[in-house]
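To keep things clear, I will list the structure first and then write my remarks on it.
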Amino acid sequence: MPLVVYNTLTRKKEEFKPLHEGRVGMYVCGPTVYSHSHIGHGKSYVSFDIIVRYLRHLGYKVMYVQNITDVGHLLDDGEDRMLKQSRIDKAHPMQIAETITRSYFEDMDALNIVRPDISPRATGHIIEQIEVVKRLLSNGHAYEMNGSVYFDVRKFKAYGKLSGRSIDDMKEGTRVEVKSEKRNPEDFALWKKAEPEHIMRWQSPWGEGFPGWHVECSAMSMKYLGETFDIHGGGLDNQFPHHECEIAQSESATGKPFAKYWIHNNLVTANGQKMSKSLGNFVTLKDAFKKFDPIVVRFFILQSHYRSTLDFSEQAIEAAAKGLEKLQSTIERLRAEIVKEQNGIVQFVESLEEYRKRFFDAMNDDFSAPLALGVLFEVARETNELLANSQNASHEFLVKLNEFFTLTGDQILGILSEKQTAGEQSLEPQLIDLLLKVRGSARQRNEWRTADDIRKGLKGLRIEVQDIKDGTTWKKA
RNA sequence: GGCGCCGUACCCAAGUGGUAAGGGAGAGGUCUGCAAAACCUUUAUGCGACGGUUCGAAUCCGCCCGGCGCCUCCA
């Protein structure tokens, strides 16, 4: 089964075929850096992380570009997001941008998200953006008005092809306000004239100003990936107008198709309502990490498909935490067992190859991580069964199993990291082992009080002790 | 008003024409000094309601009910 992806542009699943053999150019809309990321951002970037990891697993050389928006994102009242935050925090907008950018990467790293190859800042690409605007002016797709430049939407016939709407449909009931400066209300700003009090300003052929929000993505994606590239991703809430406008201005500027595949991830809801900064019903990743391991958050996100909404609740994420723990403890036991010499012959009822096939079929079907996870749980159940009678297992098979989990759970899904290699053995585990040895002999003498005290004491230090068939294991809680 | 999505067990969530994955919670059991883990068994004659197409529908079509998203701030 070849990889198929759902393309928003065609509204159906298509076989994935990159423009250039073996290579994939991928651009994903990054954050506007004015406040800390929340679970919704987590879902978005975890989803695209899976896509990048999987494409790389398939052997594609992926160039992954994800922008950082630090200028030009305007509010309803026309104020720049960054400027508004800088006024609130009494800080320079670039201070905010820097702080939040760092915070963003911190959160993404915690979620075990592979960093983009390039994270271009909008303010670092003013020249490139001006170039796009100039091209649009010279070929008649844009017009200048009092120091601002607007895109003439009526000149781009295909406007609406991504979001499936027509300009005429949008007229009724929209929030579009008629600004006298624009020829048509649906036109959007490519470049805005800076008022005297506006701090973020750059010199341009049309006077001092700043770029519009949409143009940064066109300029930066084309700079690093070429005028036509493979995948453009982003949140569903950016499908319109942002992505529609990107297509309009890019294709008008170059005369070439922009992105071949458009991938949109769905949103996180809380009590059925979209989690968003403006609604204020969001949980920041930093807050979530105080209660849950970041990998639990990642796992929670992967339990639903990227194109489905995911309803966030403590109950749901706690259930996820337990599920992940089950999976992790299976892997831990497997890896502990693997170092022992084993001569058994017993394997699974269903062959590992069958499971492998089901896993990759799931991933090939529009990156269905939830289905793939289901397969991992089934393999884990069989593995546990095998390990319960470990003398029956063949060493060779256990190694194969470990390879399977490493490839699928660690490399592709990013939730089952390989145990830290014991390069620098710290004192801690040695002390714990020593303590457990003492406890073991106490148990042999039926001194249960001592044994229980040690177990209780270690639990207080967040170390969980478990007695198993031939010995005692421990893990950090 | 326009465009679009969703409704599957107590909770989360796959499945998009062949007879309901997976996780959590609950119940019973095996193992066990106790605890924990693990394993086994069990929990939806039914997928919002009603019609229709079909040998066969959660899946396709129609209508209705309920929820949500976008329509120039959002991942």
Side-chain angles (χ1 to χ4, degrees), chain A residues 11 28-32 34 37-48 73-77 79-81 84 160 163-166 168-177 185-189 213-214 233-242 244-245 264-269 272-279 282 299-300 303-305 307-311 313 315-327 329-330 333 358 362 368-378 380-381 384-385 387-389 443 446 448 451-452 455-456 459 464-469 473 475:
Chain A
R11 269 165 274 277
V28 170
C29 282
T32 301
Y34 71 98
S37 303
H38 56 65
I39 308 273
H41 298 93
K43 172 167 162 78
S44 185
Y45 301 119
V46 165
S47 300
F48 289 110
H73 208 152
L74 302 187
L75 291 154
D76 274 347
D77 57 12
E79 184 172 17
D80 190 295
R81 286 231 93 112
K84 182 177 181 185
S163 54
R165 57 188 86 207
S166 72
D168 296 325
D169 286 342
M170 288 187 295
K171 275 191 171 165
E172 271 183 84
T174 64
R175 289 196 269 141
V176 174
E177 269 180 43
E186 58 274 12
D187 292 351
F188 56 90
W213 174 37
H214 311 305
L236 202 54
D237 50 353
N238 272 335
Q239 185 184 341
F240 189 90
H242 184 53
E244 196 70 65
C245 294
H264 288 97
N265 71 282
N266 216 317
L267 308 175
V268 173
T269 57
Q273 271 213 319
K274 173 183 174 180
M275 183 180 281
S276 79
K277 291 181 183 175
S278 53
L279 282 174
F282 60 90
F299 175 80
F300 171 69
Q303 274 188 306
S304 83
H305 189 89
R307 282 192 291 113
S308 304
T309 54
L310 172 64
D311 200 58
S313 68
Q315 196 192 9
I317 201 164
E318 268 162 20
K322 284 181 186 158
L324 177 62
E325 202 182 316
K326 181 176 170 178
L327 215 46
S329 68
T330 299
R333 235 172 305 129
R358 281 171 56 203
S368 186
L371 199 55
L373 273 178
V375 175
L376 250 48
F377 273 100
E378 288 182 57
R381 185 170 38 75
N384 286 329
E385 205 172 338
L387 293 176
N389 303 291
R443 288 180 72 214
N446 289 355
W448 309 124
D452 290 348
R455 187 169 62 196
K456 225 187 271 174
K459 196 174 183 178
E464 233 156 72
V465 173
Q466 284 172 11
D467 296 319
I468 52 174
K469 193 169 283 158
T473 64
K475 61 178 178 184

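Within every chain, numbering begins at 1; the chains are lettered A, B, ... in the order of the sequence lines, protein sequences first and strands thereafter.
- The base of B:C5 does not come close enough to the side chain of A:Asn266 for any donor and acceptor atom to sit less than 3.5 Å apart.
- If you take CZ of A:Phe377 and P of B:G24, they are 6 Å apart, rounded to a whole angstrom.
- Distance noted for atom C1' between B:U43 and B:G24: 13 Å (whole Å).
- Across all strands shown, A:Leu267 has heavy atoms under 4.0 Å from base atoms, whether or not it also approaches the sugar-phosphate.
- Between the P atom of B:G33 and the CG atom of A:Asn446 lies a distance of 9 Å, rounded to the nearest Å.
- A:Leu373 has its CG atom 9 Å from the C1' atom of B:G23, to the nearest Å.
- No hydrogens or angles were tested; on distance alone, a donor-acceptor pair under 3.5 Å links the side chain of A:Asp452 to the base of B:G33.
- Comparing the same atom, P, in B:C60 and in B:G7 gives a spacing of 11 Å after rounding to whole Å.
- Heavy atoms of A:Ser278 sit under 4.0 angstrom from at least one base atom.
- With hydrogens and angles disregarded, a donor-acceptor distance shorter than 3.5 Å links the side chain of A:Thr330 to the backbone of A:Lys326.
- Nearest approach of A:Phe240 to A:Ser163, heavy atoms of both residues: CD1-OG, 3.3 Å.
- No contact: A:Val28 has no heavy atom under 4.0 Å from any strand.
- Projected onto RNA chain B by closest heavy-atom contact, A:Ala316 and A:Gly40 fall at different nucleotides, the more 5' of which corresponds to A:Ala316.
- Straight-line distance from the CD atom of A:Glu464 to the P atom of B:A37: 8 Å, rounded to whole Å.
- Using a 30° and 60° split on the angle between ring planes, A:His38 and A:His41 fall in the tilted class, from 30° to 60°.
- The CG atom of A:Leu236 sits 10.0 Å away from the OG1 atom of A:Thr309 when rounded to the nearest 0.5 Å.
- The residue A:Gly234 sits close only to the backbone: its heavy atoms come under 4.0 Å of sugar-phosphate atoms, none of a base.
- A gap of 9 Å separates the C1' atoms of B:U8 and B:A13, to the nearest Å.
- Contact between the side-chain N/O atoms of A:Thr32 and the OP1/OP2 oxygens of B:A75 is found at a separation under 4.0 Å.
- With RNA chain B read from its 5' end, the first of the two nearest nucleotides for A:Phe299 and A:Asp187 is the one closest to A:Phe299.
- Atoms CG (A:Leu327) and C1' (B:G24) sit 14 Å apart, rounded to a whole Å.
- Rounded to whole Å, the distance from CG on A:Asn384 to P on B:C39 is 4 Å.
- Phosphate proximity of B:C34 to A:Lys456: absent, as no side-chain N or O sits under 4.0 Å from OP1 or OP2.
- Judged by atom type and distance alone, A:Thr269 does not reach the base of B:C68 through any side-chain donor-acceptor pair under 3.5 Å.
- Among the protein residues, A:Gln239 comes within range of no part of the nucleic acid, since none of its heavy atoms lies under 4.0 Å from any strand.
- Summarising the base pairing, B:G1 is matched to B:C71 through a Watson-Crick or G-U wobble pair whose two defining distances lie under 3.5 Å.
- Rounded to an integer number of Å, the gap from A:Leu371 CG to B:A14 P is 10 Å.
- A salt bridge between A:Glu244 and A:Arg165 is absent, with no side-chain N of the basic residue lying under 4.0 Å from a carboxylate O of the acidic one.
- Base pairing of B:A9 is not made with any nucleotide, judged by Watson-Crick or G-U wobble geometry with both donor-acceptor distances under 3.5 Å.
- Between A:Lys274 and B:A75 there is no side-chain polar atom (N or O) within less than 4.0 angstrom of OP1 or OP2.
- Nucleotides B:U41 and B:U59 place their P atoms 31 Å apart, quoted to the nearest Å.
- In the interface, the side chain of A:Arg455 is paired with the base of B:C34 through a donor and an acceptor atom under 3.5 Å apart.
- The partner of B:C64, taking Watson-Crick or G-U wobble pairs whose two distances both stay under 3.5 Å, is B:G48.
- For A:Lys326, a side-chain nitrogen or oxygen approaches OP1 or OP2 of B:G23 to under 4.0 Å.
- If you check every strand for non-hydrogen atoms under 4.0 Å, A:Tyr45 touches sugar and phosphate atoms only.
- A:His214 and A:Phe188 have perpendicular rings, their planes meeting at more than 60° on a 0 to 90° scale where under 30° would count as parallel.
- In terms of heavy-atom proximity, A:Pro370 sits nearest to A:Ser304 at CG-C, 3.4 Å.
- At a cut-off of 3.5 Å, with distance as the only test, no side-chain donor of A:Asn266 or A:Ser308 sits close to an acceptor on the other residue.
- Taking atom P on both B:C55 and B:G48, the two are 25 Å apart, rounded to the nearest angstrom.
- Pair assignment for B:A20 gives none, since no Watson-Crick or G-U wobble pairing has each distance under 3.5 Å.
- Closest to the side chain of A:Pro241, out of B:U72, B:A75, B:A13, is B:U72.
- Nucleotide B:U72 holds its P atom 14 Å from the CZ atom of A:Phe188, rounded to whole Å.
- Straight-line distance between the C1' atoms of B:G52 and B:C63: roughly 10 Å, to the nearest whole Å.
- A gap of 12 Å separates the P atoms of B:G46 and B:A20, to the nearest Å.
- A:Thr330 has no side-chain polar atom (N or O) that falls below the 4.0 Å cut-off from OP1 or OP2 of B:A38.
- Residue ring and base: A:Trp448 counts as stacked with B:G33 (centre distance below 5.5 Å, interplanar angle below 30°).
- Remark: B:A58 base-pairs with no nucleotide; criterion is Watson-Crick or G-U wobble with both hydrogen-bond distances under 3.5 Å.
- Rounded to a whole angstrom, the distance from the C1' atom of B:G2 to that of B:A57 is 31 Å.
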